[in-house]
Amino acid sequence: MSKKQGIMICGHGSRDKDAEREFGLVAKGLKLRYPDIPVEYGFLEFSAPNIHMGLNSLINQGVEEIFAVPGMLFAATHAKNDIPSVLTTFEDKQPNLNVTYGRELGLQDDMIEAFQARIYESMGLDPQNPPENLYDTLLVVVGRGTSDTQANAEAAKLTRIVNENMGFGWADTVYSGVTYPSVGVGLENLMKLGYKRIVVAPYFLFTGRLIKRIAGYVDKVAQANPSIEFIQTPYLSDHSKVIDAFQNRVEEIMSGELPAGEESLMHSFKRRLAAGDVDIHHHHAEFVDPQDDTQGESKSDHEHAHDHSHSHQHGHEHSHDHSADQTHSHSHDHNHSHAESHSHSHGVYQHIGHPMGPRTMIGEGICCCFMGQFTDEILEEEKSKIDGDCTKTAFAHLK
Ligand SMILES: C[C@@]1(CC(=O)O)c2cc3[nH]c(cc4nc(cc5[nH]c(cc(n2)[C@H]1CCC(=O)O)[C@@](C)(CC(=O)O)[C@@H]5CCC(=O)O)C(CC(=O)O)=C4CCC(=O)O)c(CCC(=O)O)c3CC(=O)O
Ligand SMILES: [Co+2]
């Protein structure tokens, strides 16, 4: 008897309700490709359903074998650490369940073609019948930005590929946060190249706070420079080639054909877990289902998070069993800042103080969880931009 199969898409989540709604389009698109298999989705942070809820829904439909794919463009902290952590915790509690985790979307041809189609469409051009070149135009790709250097480099690689495929005069990459250059400063620098037409193309799946913030920056720069034509390309959304790319990722785990010679994301996670480089953690901003007391940010979860960070700093071994961890008896200061309490899920980025980087976004309503990564020296230097004491509102995004 073969086990009943189900597909799980693990998305990012956002406090923006439009983002939450739009992500459902991926599941809808995949459902059409797999009409006989349950397809569910869940979010890592802020939004409902969370991943745990999506997995439970599959269990309730009798599923015993889950093919889980990251709804992530690149492999950074979320795809490498946070999603495997949630999946592993869930799988360990279900005796008859088998969860296989696939790969991030990555730079598949389908993703590149979807992105190029969005860019052509935004310029009023037919992707099926493109012009020979676009030498008079500058392309600015906006990547998410992460503390993961490889993932940032993949975004830069995307820019190079699209630049050569489409024949722009020039192209460069800016990032929506965490790394450098940030969008506003990056755009102002690139304008010095003198192009009269600039296409700003965000490499994002869906709308959300970041897309809206990026649009705000571009509007501001465009207003200040009326002689330049700015074109804002829409995000990828559920372009049919994006759904193709998801389907490819599902197919390769269903058929057990992850590329040979490449360590899978789950294998890598388990290896680093065993080595003590990462830990199983409750993602700090995960949506909490008020109906379900087996999950969520209970008081003990908070203590658990602090304990983890504590034990992490001191480098001891700890087991999968959270409760065992909670009983360890080291006394330590409970006045951790929010940034410290989940330092395991996003480490301090080494270029946080870069003159073209994240510091340029201080004072623009950036999440305080992120603000918590700035050193006191940087906050002191940028003091004039800060309205009130930001560090005090560090927990603001939990609710
Ligand atoms: C606005 C915010 C949520 C809010 O406040 O509502 C938000 C939103 C979104 N992020 C998205 C994607 C990614 N976010 C990350 C990483 C981080 N994101 C974080 C914070 C925030 N992210 C909030 C405030 C930030 C601010 O104010 O600047 C960090 C700092 C903290 C943390 O997450 O714990 C952490 C740094 C970790 C580190 O590197 O150290 C990565 C990279 C990675 O995996 O690491 C990817 C790409 C994954 C991929 O490759 O696809 C998408 C989907 C976009 C899409 O559709 O494509 C949305 C939705 C939206 O825009 O709303
Ligand atoms: Co955080």
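Since this is a predicted model, take the numbers as computed values, not measurements. Only this structure's heavy atoms are used, side chains among them; waters, hydrogens and symmetry mates stay out. Order of appearance sets the numbers: ligands from 1, and atoms from 1 within every ligand.
Put simply, CD on E154 and OG1 on T159 are 11.0 Å apart, with the number rounded to the nearest 0.5 Å. Here the OG-CZ distance, from S237 to F206, works out to 5.0 Å after rounding to the nearest 0.5 Å. To the nearest 0.5 Å, atoms CE (M266) and CD1 (I83) are separated by 9.5 Å. One finds the CD atom of E229 at 9.0 Å from the CG atom of D136 (value rounded to the nearest 0.5 Å).
The shortest N/O to N/O separation between L205 and ligand 1 falls below 3.5 Å. Residue H78 has at least one N or O atom closer than 3.5 Å to an N or O atom of ligand 1. At least one N or O atom of L73, backbone or side chain, sits closer than 3.5 Å to an N or O atom of ligand 1. Residue contacts with ligand 1: T77 is placed with a nitrogen or oxygen under 3.5 Å of a nitrogen or oxygen of the ligand (distance criterion only). Here's the thing with G208: none of its N/O atoms is less than 3.5 angstrom from an N/O atom of ligand 1. For the pair F204 and ligand 1, the shortest N or O to N or O distance does not fall below 3.5 Å. Among the atoms of R213, some N or O lies under 3.5 angstrom from an N or O of ligand 1. Residue contacts with ligand 1: T146 is placed with a nitrogen or oxygen under 3.5 Å of a nitrogen or oxygen of the ligand (distance criterion only). For ligand 1, one of its N or O atoms has an N or O atom of F206 under 3.5 Å away.
Of the candidates E104, R144, H12, K80, R144 brings a heavy atom nearest to atom 20 (C) of ligand 1.
At a cut-off of 3.5 Å, with distance as the only test, a side-chain donor of E40 or S57 sits close to an acceptor on the other residue. At a cut-off of 3.5 Å, with distance as the only test, a side-chain donor of T179 or Y349 sits close to an acceptor on the other residue.
Of the possible donor and acceptor atoms, one in the side chain of R272 sits under 3.5 Å from a partner among the backbone N and O of S268.
Sorted by first and then second residue, the ring pair (Phe, Tyr, Trp, His ring centres under 6.0 Å) pairs involving residues 102-123 (not counting sequence neighbours) are F115-Y203.
Counting heavy atoms closer than 4.0 Å to ligand 1, residue S147 contributes atoms from both its backbone and its side chain. Only the side chain of F46 comes within contact range of ligand 1, with a heavy atom under 4.0 Å; no backbone atom does.
Not a single heavy atom of G177 sits under 4.0 Å from any atom of ligand 1.
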